Protein chains: 2
Amino acid sequence: MDATRWLDEREDRAWRGYRRMRRLLDLELARELTQDAGLSEPDYDVLSDLSETPEGRLRLSELADRMLWSRSRLSHHLSRMQQRGLVTREECADDARGSIVVLTPAGRQAVESAAPGHVAAVRRHLIDLLTPAEVDALGELTHRVVDRLADPGLRATRPQPAAEV
Amino acid sequence: MDATRWLDEREDRAWRGYRRMRRLLDLELARELTQDAGLSEPDYDVLSDLSETPEGRLRLSELADRMLWSRSRLSHHLSRMQQRGLVTREECADDARGSIVVLTPAGRQAVESAAPGHVAAVRRHLIDLLTPAEVDALGELTHRVVDRLADPGLRATRPQPAAEV
DNA sequence: CTACGGTCGATGACATGTCAACAAACCAAC
DNA sequence: GTTGGTTTGTTGACATGTCATCGACCGTAG
């Protein structure tokens, strides 16, 4: 019974624009990051999140949650980064299962020298192309969408197959 | 000389929000697509672009350009989709190097039955959460960014290592 | 204490994406 | 028409991401 509500012209423009921007921005930022700093975007994200903590150390699961990565993916990626000397793993004192990811001096060096260029690229290709009002709107709108997606309770009305108490 | 212009609070909010939305939206859309239609996002994109042409056929390179994929990636992906009977390859009449990607009946069937659910998901998780003004703003802003990135000429002032010519 | 269900992180098998190299075919200049 | 440089699509090697599974460990209920 449901005649699909397709996207009208404006909605379509927004959706296509979003996807295209997503792709192009990614390619360009990754390209510059590799060229200028020898890091991939995932590398940078790991290092960046780590460096935001005072000690440069985070529980693996905590880091995974922040990054919205699976523990498995993070574990694999850390192994590679460990090979390159960017991070180390230490045992967790209060939970013997746990593992703590630690930024090495080389790792900190790597983010710190990559960061200015990366921020500049983000500005050049995105932020500085927007009006202040657009920046605010983008912040507002993305957070609204994120809050919905992050909270399974709010995840809203999708035709349910069946009710369960 | 260049004290890095870090992102201020609002800019940071927008940038983080964007990346978080990007990730969560992707996960959720991919999840629903797989569950409801047995297709990955890349699968859907290929089929969708093909189905937008009258004949459901496109030159491989043309398709790759539209999708912003490398020919290599597309070629690999098509081989897998071909295995599953979603597309076929045909020889190109006017260019013997060329290869034409053709939507099979099963392929068309797959997109057509996946599309309504997918559009609904896009609405539920993004479009319908925005005001009409926000939809317009998003369309406007993304296209501005895309135009810059797509046109190497406009790609603007990055500190050049040296002048040529 | 110990038994049990859950969490943590690592791992291997596999799916997917990237990159460089290649053969074939095109095309423009001679 | 032949040469030389370019474009096209495929391929294999490799990097990365996903998924299921596992052993180790945690916490709690009995």
Side-chain angles (χ1 to χ4, degrees), chain A residues 19 22-24 26-35 38-47 50 57-84 86-102, chain B residues 19 22-24 26-35 38-47 50 57-84 86-102:
Chain A
R19 287 186 306 156
R22 203 180 169 304
R23 176 75 178 149
L24 285 171
D26 239 38
L27 285 173
E28 180 61 18
L29 292 180
R31 201 184 61 72
E32 293 188 21
L33 207 45
T34 308
Q35 192 175 41
L39 296 174
S40 68
E41 273 191 316
D43 292 338
Y44 183 86
D45 290 342
V46 169
L47 296 176
L50 277 176
R57 43 173 57 231
L58 271 178
R59 185 74 182 265
L60 187 147
S61 54
E62 169 63 19
L63 181 54
D65 288 347
R66 290 194 192 196
M67 303 186 68
L68 302 173
W69 282 18
S70 70
R71 305 182 203 293
S72 164
R73 176 180 181 184
L74 183 54
S75 179
H76 279 302
H77 201 87
L78 288 175
S79 302
R80 285 173 241 134
M81 294 182 70
Q82 199 165 7
Q83 294 284 326
R84 298 195 280 145
L86 298 170
V87 297
T88 327
R89 286 182 232 232
E90 288 182 11
E91 291 181 359
C92 184
D94 47 318
D95 185 341
R97 295 166 301 179
S99 149
I100 298 190
V101 190
V102 186
Chain B
R19 286 185 308 157
R22 202 178 167 305
R23 175 76 178 150
L24 284 170
D26 238 38
L27 285 173
E28 180 60 18
L29 292 180
R31 201 184 61 71
E32 293 188 22
L33 208 46
T34 309
Q35 191 175 42
L39 296 174
S40 68
E41 275 192 313
D43 292 338
Y44 183 86
D45 290 342
V46 169
L47 296 176
L50 277 176
R57 44 173 58 231
L58 272 178
R59 186 74 181 266
L60 187 145
S61 54
E62 169 63 18
L63 181 54
D65 289 347
R66 289 194 194 197
M67 302 186 68
L68 303 173
W69 282 17
S70 69
R71 303 181 203 292
S72 164
R73 175 180 182 185
L74 183 54
S75 179
H76 279 300
H77 201 86
L78 288 175
S79 301
R80 286 172 240 135
M81 294 181 72
Q82 199 165 8
Q83 293 285 326
R84 298 194 280 146
L86 298 170
V87 297
T88 327
R89 287 182 231 231
E90 287 183 11
E91 292 180 359
C92 184
D94 48 318
D95 184 342
R97 295 166 302 179
S99 149
I100 298 190
V101 191
V102 187

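Note that the coordinates shown come from a computational prediction; the quantities given were computed from them, not determined experimentally. Quick note on labels: first sequence line is chain A, next is B, and so on, each numbered from 1.
- In this entry the distance linking CG of B:D26 with P of C:dT16 reads 15 Å, nearest Å.
- Contact annotation for A:S61: backbone-only contact, meaning every heavy-atom pair under 4.0 Å involves sugar-phosphate atoms and none involves a base.
- Listed for the A:R23 side chain is a donor-acceptor partner under 3.5 Å among the backbone atoms of B:L68.
- Nearer to the 5' terminus of DNA chain C, by closest-nucleotide assignment, is the contact made by A:L60 (compared with the other of B:R97 and A:L60).
- Below the 3.5 angstrom threshold, one finds a donor paired with an acceptor across the side chain of A:S72 and the base of C:dT11.
- Minimum interatomic distance between A:M67 and A:P42 (heavy atoms only, all atoms of both residues): CE-O, 4.5 Å.
- Side-chain atoms of A:T34 come within 3.5 Å of backbone N or O of A:A30 as a donor-acceptor pair.
- Under the 4.0 Å criterion applied to side-chain N and carboxylate O atoms, B:R80 and B:D43 are not assigned as salt-bridge partners.
- One atom, CD of A:E41, and another, P of C:dG17, lie 16 Å apart when rounded to the nearest Å.
- A:D94 has its CG atom 18 Å from the P atom of C:dT7, to the nearest Å.
- As a whole-Å value, the separation of B:D43 CG from C:dG17 C1' is 14 Å.
- Applying the 4.0 Å criterion to OP1 and OP2 of C:dA10, one finds that A:S75 has a side-chain N or O inside that range.
- Whole-Å rounding puts the A:M67 CE to D:dT16 P distance at 14 Å.
- Here B:H76 lies in heavy-atom contact (under 4.0 Å) with a base.
- A:E62 places its CD atom 10 Å from the P atom of C:dG9, with the value rounded to the nearest Å.
- Minimum interatomic distance between B:R19 and A:D45 (heavy atoms only, all atoms of both residues): NH1-OD1, 3.5 Å.
- Taking for each of B:H77 and A:L74 the nucleotide of DNA chain C with the nearest heavy atom, the 5'-most of the two is the partner of A:L74.
- Distances shorter than 4.0 Å separate none of the side-chain N or O atoms of A:R73 from OP1 or OP2 on C:dT16.
- Listed pair B:R59 / D:dG9 meets the phosphate criterion, a side-chain N or O lying under 4.0 Å from OP1 or OP2.
- Here C:dG6 presents its P atom at 17 Å from CG of A:D95, a figure rounded to the nearest Å.
- The distance between atom CD of B:Q82 and atom P of D:dG9, rounded to the nearest whole Å, is 14 Å.
- Closest to the A:R71 side chain, of the nucleotides D:dG17, C:dC26, C:dC8, is C:dC8.
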